Amino acid sequence: METAKIKNKKPISLGKVILYTLAILYAVIALGPFIWTLITSFKPAAETAKMTVDVSKLTVSNYTYIWTKFPFLRWTLNSIIVAAIVTGFNILINSMAGYALARLDFPGKKLIFLLILAMMMVPGQVVMVPTYMLLSKFGWVDSFKGLTIPFLYSLFNIFLMRQFFLSIPKSLEEAALIDGMGRFRIFFKIAMPLAGPALSTQFILTFAGNWNSFLWPSLLASTPEHYTLPVGLNSFYGQYFSLWNQVTAGVMILTIPTIILFLIFQKNFIKGIATSGLKD
Amino acid sequence: MLQAQKTAPNKSSGMKSLARREKIDGWLFIAPFMILCLIFFVGPLLVAFMLSFKEYSFLDSNTMFQAKWVWFQNYIDVLKNPTFRKALWNTTRYSVFVAPIQLVIALLLALVVNGGIKGKSFFRTVYYIPTQTSAVAVAVIFMFLFKQDGIFNKFTSLFGIQPHNFLTEPKTALPVIMSMAIWSSVGLYMVIFLAGLQDIPDSLYEAAGIDGASNWQRFRYITIPMLKPTIFLNVVVSMIGCFQVYDQAYVVSQGNGGPLDSTMTVVLYLTRTGFREFKMGQACATAFILFVIIFALTIAQKKLFGEETSM
């Protein structure tokens, strides 16, 4: 054994060199564009086109400028409100549905689950035109209702939660049931606290998905006061595309919140994907 | 004895009421989702199907139920439309490049961060960060990097390469959109591959080590076969995502699919038909054509990967 290890030592260390080179190279590719954009967002107009960075001239004025002179503050608030409402309800509604499909025995359960799997195959764009017509009938186009209410559930996340609840033992819940605890209390007091990793995954996917979504908000928000950040940034870029230092500041306002949330929840996120049977 | 007889029926009726309670609870738990799904998915899906066989504009004074049935005319019109054909060609080309390239890179990165290097979780996090970024932001970042006097052209000019205005030249606009899609979604597939890799039991590799298998043999005969369901899932998810490409193409061309329709995609064509030209029937027909393509691809991949990989 020992000699085999020593014999193998050389090729392994060459492999290590290749591994590290690849790892670092792709880290540069993944982060480079962000870093360059971030630096540019702190440059004054005269420096924007230069490939060099003069640290003494860096300024936050691009940020204060687009916050005060353009509706970026409004758009940021809109994005926060919409993403918070959508994410909160998604977590509740998807987890409850996933729990019912995993744990409770009720008529029609099999059929509903099969229908969910079938509907996951249908691209969202198929229902776009009728949904838009429906929302305009409700008077919800260009309103927060239209931006939130149709998006309060997710087929994919229901599937994810069902898989997760199936993977954890149910003995605790059965014991509580025998003690006479109601289902809703069992769900909130026992099942949900155990679902941390799956909830983190759901939280990150839903929040980032909604925060970044562009197609629907661009159709549904027709006045700038209802724009979310991606729609706002697109319209700002469309008009002021030569002001790169300000455009890049807008990019950073749109980008940084989801990255920070990911950094906070990332440990659980990767665990959540691993345990919720996403890969089966 | 008497006592036992007394409690037995009690218990079974208790079980019965518990089972009934469970039925009610089951429906209560799933009701919020069911109601939303019926209003915002099932209903619109049926209406979309109906509209795809009708000639209807949102601006018409009559309702969609009164609108004229044209049966397959919408489908024929869409399939004959040169802009749609260009869109389908672009989307196919886009998917054929993006899906395999991003999956190969993702698998490679998953193997790298699953191997014995230091700072694994650092690299994993870094690789995932672009995935968290809005497609609109990614499009703007790439336009900034690839513009005529941007950093990419400045860099290549060091090697004597003429600068290109990548996003206004029909030949290069779509490839730049492809590269931003690859860059921004590799992280997701890497994480799913990683979950698959970590599920492969170490004992298999140990056994192969005893048999004297090389690294390549271990990869070829253990990793790849064991990873087959994960690869299948990733190929399907990535293909479906590719065929729905929209945001980047919209931002780059400001909604026109230009230059010269070179960034026109199927979904961009769909929204333009529906929400700029108000041809709701044709837009719905386009949507169902997209659905059929995605469905056929999924079935084809299932056949390709064999029956045992069930989703």
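What you are looking at is a predicted structure, and each value in this text was computed from that prediction instead of being measured. Residue numbers begin at 1 in each chain, while the letters A, B, ... track the order of the sequences.
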S.K.: Name the region of B:Leu46, side chain, backbone, both or neither, that has any atom closer than 4.5 Å to a heavy atom of chain A.
M.R.: neither
S.K.: Report which part of A:Ile116 has an atom under 4.5 Å of a heavy atom belonging to chain B: side chain, backbone, both, or neither.
M.R.: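 Answer is side chain: those atoms of A:Ile116 sit under 4.5 Å from chain B.
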S.K.: Identify the heavy atoms of A:Leu233 and B:Ala137 that sit nearest to each other, and give their distance.
M.R.: CD2-CA, 4.3 Å
S.K.: Heavy-atom distance under 4.5 Å to chain B: side chain of A:Met133, backbone, both or neither?
M.R.: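 Looking at A:Met133, backbone and side chain both touch chain B.
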S.K.: Given a strict heavy-atom distance threshold of 4.5 Å, which part of A:Thr40 is in contact with chain B: side chain, backbone, both, or neither?
M.R.: side chain
S.K.: Around A:Lys109, counting heavy atoms of other residues, nucleotides and ligands shown, do more than 12 lie under 6.0 Å from its NZ?
M.R.: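 Yes, NZ of A:Lys109 has more than 12 neighbouring heavy atoms, counting only those of other groups under 6.0 Å.
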S.K.: Where does A:Ser95 contact chain B at under 4.5 Å (heavy atoms): side chain, backbone, both or neither?
M.R.: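 The answer is neither part of A:Ser95.
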S.K.: For chain B, which of A:Phe241, A:Tyr132, A:Trp211 has the most heavy-atom pairs under 4.5 Å?
M.R.: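 Of A:Phe241, A:Tyr132, A:Trp211, A:Tyr132 has the most heavy-atom pairs under 4.5 Å with chain B.
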S.K.: Check each atom of B:Val186 against the heavy atoms of chain A and say whether the ones under 4.5 Å are side chain, backbone, both or neither.
M.R.: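 B:Val186 touches chain A through side-chain heavy atoms alone.
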S.K.: Go through the atoms of A:Leu215 and report whether side chain, backbone, both or neither lie under 4.5 Å from a heavy atom of chain B.
M.R.: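 For A:Leu215, heavy atoms of backbone and side chain both lie under 4.5 Å from chain B.
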S.K.: Return yes when atom CZ of A:Phe106 has more than 12 non-hydrogen atoms of other residues, nucleotides or ligands closer than 6.0 Å, and no otherwise.
M.R.: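 Atom CZ in A:Phe106 is packed in, count exceeds 12.
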S.K.: Specify the closest pair of heavy atoms between B:Phe58 and A:Ser136, including all atoms of both residues, with the distance to one decimal.
M.R.: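 Answer, listing the atom of B:Phe58 first, then A:Ser136: CZ-OG, 3.2 Å.
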S.K.: Given heavy-atom pairs under 4.5 angstrom as the criterion, report whether the side chain, backbone, both or neither of B:Lys118 touches chain A.
M.R.: both
S.K.: Taking side chain as everything from C-beta outward and backbone as N, CA, C, O, which of these in B:Ile117 sits under 4.5 Å from a heavy atom of chain A? Side chain, backbone, both or neither.
M.R.: both
S.K.: Heavy atoms only: give me the nearest B:Pro32-A:Met96 pair and the separation to one decimal.
M.R.: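 Where B:Pro32 meets A:Met96 most closely, the heavy atoms are CG-CE, 4.5 Å.
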S.K.: Under 3.5 Å, is there a donor-acceptor pair between the side chain of A:Thr258 and the main chain of B:Gln132?
M.R.: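 Flag set: sc A:Thr258 to bb B:Gln132 pair under 3.5 Å.
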S.K.: Search all heavy atoms of B:Phe291 against all heavy atoms of A:Pro123 and return the closest pair with its distance.
M.R.: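 Answer, listing the atom of B:Phe291 first, then A:Pro123: CD1-CD, 3.5 Å.
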S.K.: What I'd like to find out is whether the side chain of A:Gln266 reaches to under 4.5 Å of the side chain of B:Tyr128, using heavy atoms alone.
M.R.: no
S.K.: Between B:Lys154, B:Met280, B:Arg20, B:Met143, who has the most heavy-atom pairs with chain A when the cutoff is under 4.5 Å?
M.R.: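 Greatest number of close heavy-atom pairs with chain A: B:Met143.
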S.K.: With chain B, which of A:Phe89, A:Tyr99, A:Trp36, A:Phe151 has the greatest number of heavy-atom pairs at distances under 4.5 Å?
M.R.: A:Trp36
S.K.: For B:Ile294, is it the side chain, the backbone, both, or neither that has a heavy atom closer than 4.5 Å to a heavy atom of chain A?
M.R.: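 Looking at B:Ile294, just its side chain touches chain A.
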S.K.: Let me know if A:Tyr237 has heavy atoms under 4.5 Å from chain B in its side chain, its backbone, both or neither.
M.R.: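 Side chain only.
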S.K.: Rounded to the nearest 0.5 Å, what separation is found between the CE atom of A:Met120 and the CD1 atom of B:Ile240?
M.R.: 8.5 Å
S.K.: Sort A:Ile29 into side chain, backbone, both or neither according to what part of it lies under 4.5 angstrom from a heavy atom of chain B.
M.R.: both
S.K.: Non-hydrogen atoms of chain A under 4.5 Å away: do they reach the side chain of B:Tyr246, the backbone, both or neither?
M.R.: side chain
S.K.: Checking heavy atoms, do the side chain of A:Ile24, its backbone, both or neither come under 4.5 Å from chain B?
M.R.: both
S.K.: Specify whether B:Phe29 and A:Phe187 have parallel, tilted or perpendicular ring planes, treating 30° as the upper limit for parallel and 60° as the lower limit for perpendicular.
M.R.: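 Answer is perpendicular, since the angle exceeds 60°.
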S.K.: Between chain A and each of B:Val251, B:Val140, B:Val47, B:Ile151, count heavy-atom pairs under 4.5 Å; write down the option with the most.
M.R.: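 Most heavy-atom pairs within the cutoff with chain A belong to B:Ile151.
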S.K.: Below 4.5 Å, heavy-atom pairs only: which of A:Gly182, A:Ala97, A:Ala100, A:Gly98 has the largest tally toward chain B?
M.R.: A:Ala97
S.K.: What part of B:Phe123 gets closer than 4.5 Å to chain A, counting heavy atoms only: side chain, backbone, both or neither?
M.R.: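 For B:Phe123, side-chain heavy atoms alone lie under 4.5 Å from chain A.
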S.K.: For A:Leu19, is it the side chain, the backbone, both or neither that has a heavy atom under 4.5 Å from a heavy atom of chain B?
M.R.: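 Its backbone and side chain both get close to chain B.
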S.K.: Is the closest side-chain heavy-atom distance between A:Asn94 and B:Phe33 below 4.5 Å?
M.R.: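 Of all side-chain heavy-atom pairs linking B:Phe33 with A:Asn94, none is under 4.5 Å.
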S.K.: Does A:Asp105 offer a backbone N or O that forms a donor-acceptor pair with the side chain of B:Glu22 under 3.5 Å?
M.R.: yes
S.K.: Examine whether an atom of A:Met119 lies under 4.5 Å from a heavy atom of chain B, and if so say whether it belongs to the side chain, the backbone or both; otherwise answer neither.
M.R.: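 Backbone plus side chain of A:Met119, per the 4.5 Å heavy-atom cut-off to chain B.
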S.K.: Any side-chain heavy atom of B:Leu290 sitting closer than 4.5 Å to one from A:Val126?
M.R.: no
S.K.: Between B:Val267 and chain A, which part of the residue has a heavy atom less than 4.5 Å away: side chain, backbone, both or neither?
M.R.: side chain
S.K.: Among the options B:Leu108, B:Ile39, B:Val126, pick out the one with the most heavy-atom pairs lying under 4.5 Å from chain A.
M.R.: B:Val126
S.K.: Between A:Met128 and B:Cys284, is any pair of side-chain heavy atoms under 4.5 Å apart?
M.R.: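 Of all side-chain heavy-atom pairs linking B:Cys284 with A:Met128, none is under 4.5 Å.
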S.K.: Minimum heavy-atom separation for A:Ala27 and B:Tyr127, please, with both atom names.
M.R.: N-CE2, 3.5 Å
S.K.: Hey, are the side chains of B:Met34 and A:Ile112 touching, using non-hydrogen atoms and a 4.5 Å cut-off?
M.R.: yes
S.K.: Can you tell which of B:Val113, B:Leu109, B:Leu51 has the highest number of heavy-atom pairs within less than 4.5 Å of chain A?
M.R.: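 Heavy-atom pair counts peak at B:Leu109.
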S.K.: Kindly indicate whether the side chain of B:Ile105, heavy atoms from C-beta on, has any atom under 4.5 Å from the side chain of A:Tyr26.
M.R.: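 Touching, per the 4.5 Å side-chain cut-off.
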S.K.: Distance from A:Ile93 atom CD1 to B:Ile30 atom CD1, nearest 0.5 Å?
M.R.: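 Result: 11.5 Å between the selected atoms.
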S.K.: Flag the pair A:Asn234 / B:Gln254 as yes when at least one side-chain heavy-atom distance between them is below 4.5 Å, and no otherwise.
M.R.: yes
S.K.: Distance from B:Leu188 atom CG to A:Leu205 atom CG, nearest 0.5 Å?
M.R.: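 Between atom CG of B:Leu188 and atom CG of A:Leu205 there are 7.5 Å.
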S.K.: Please rank A:Pro150, A:Ala208, A:Pro230 by heavy-atom pairs under 4.5 Å with chain B and give me the top one.
M.R.: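 Most pairs with chain B among the choices: A:Pro150.
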S.K.: Would you say that more than 12 heavy atoms from the other residues, nucleotides or ligands in this model lie under 6.0 Å from the CZ of A:Phe184, or not?
M.R.: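 Yes, CZ of A:Phe184 has more than 12 neighbouring heavy atoms, counting only those of other groups under 6.0 Å.
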S.K.: Highest number of heavy-atom pairs under 4.5 Å with chain B: which of A:Gly209, A:Pro107, A:Ser218?
M.R.: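 Counting heavy-atom pairs under 4.5 Å, the top option is A:Pro107.
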S.K.: Could you state the interatomic distance from CZ (A:Arg183) to CD1 (B:Ile24), rounded to the nearest 0.5 Å?
M.R.: 13.0 Å
S.K.: Identify which part of A:Leu229 has an atom lying under 4.5 Å from any heavy atom of chain B, answering side chain, backbone, both or neither.
M.R.: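 Neither part, no heavy atoms under 4.5 Å.
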S.K.: Report which part of A:Leu135 has an atom under 4.5 Å of a heavy atom belonging to chain B: side chain, backbone, both, or neither.
M.R.: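 For A:Leu135, side-chain heavy atoms alone lie under 4.5 Å from chain B.
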S.K.: Between atom OG of B:Ser134 and atom CZ of A:Phe214, what is the distance when rounded to the nearest 0.5 Å?
M.R.: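 B:Ser134 OG to A:Phe214 CZ: 8.5 Å, rounded to 0.5 Å.
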S.K.: Top residue by heavy-atom pair count (under 4.5 Å) with chain B, among A:Val122, A:Leu177, A:Leu22, A:Leu31?
M.R.: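 With the most close heavy-atom pairs to chain B, the winner is A:Val122.
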S.K.: Could you tell me if the side chain of A:Leu152 sits less than 4.5 Å from the side chain of B:Phe40, heavy atoms only?
M.R.: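 Not touching, per the 4.5 Å side-chain cut-off.
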S.K.: Write down the atom of B:Pro44, the atom of A:Val127, and the distance for their closest heavy-atom approach.
M.R.: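 What the structure gives for the nearest pair is CB-CB, 3.8 Å.
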S.K.: Checking heavy atoms, do the side chain of B:Leu145, its backbone, both or neither come under 4.5 Å from chain A?
M.R.: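 Side chain of B:Leu145 only, per the 4.5 Å heavy-atom cut-off to chain A.
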S.K.: If the plane angle is over 60° it's perpendicular, under 30° parallel, otherwise tilted; pick one for B:Phe144 and A:Trp244.
M.R.: tilted
S.K.: For B:Tyr56, is it the side chain, the backbone, both, or neither that has a heavy atom closer than 4.5 Å to a heavy atom of chain A?
M.R.: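 Contact with chain A: side chain only.
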S.K.: Chain A: which of B:Ile141, B:Leu45, B:Asn234 shares the most heavy-atom pairs with it under 4.5 Å?
M.R.: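 Answer, by heavy-atom pair count under 4.5 Å with chain A: B:Ile141.
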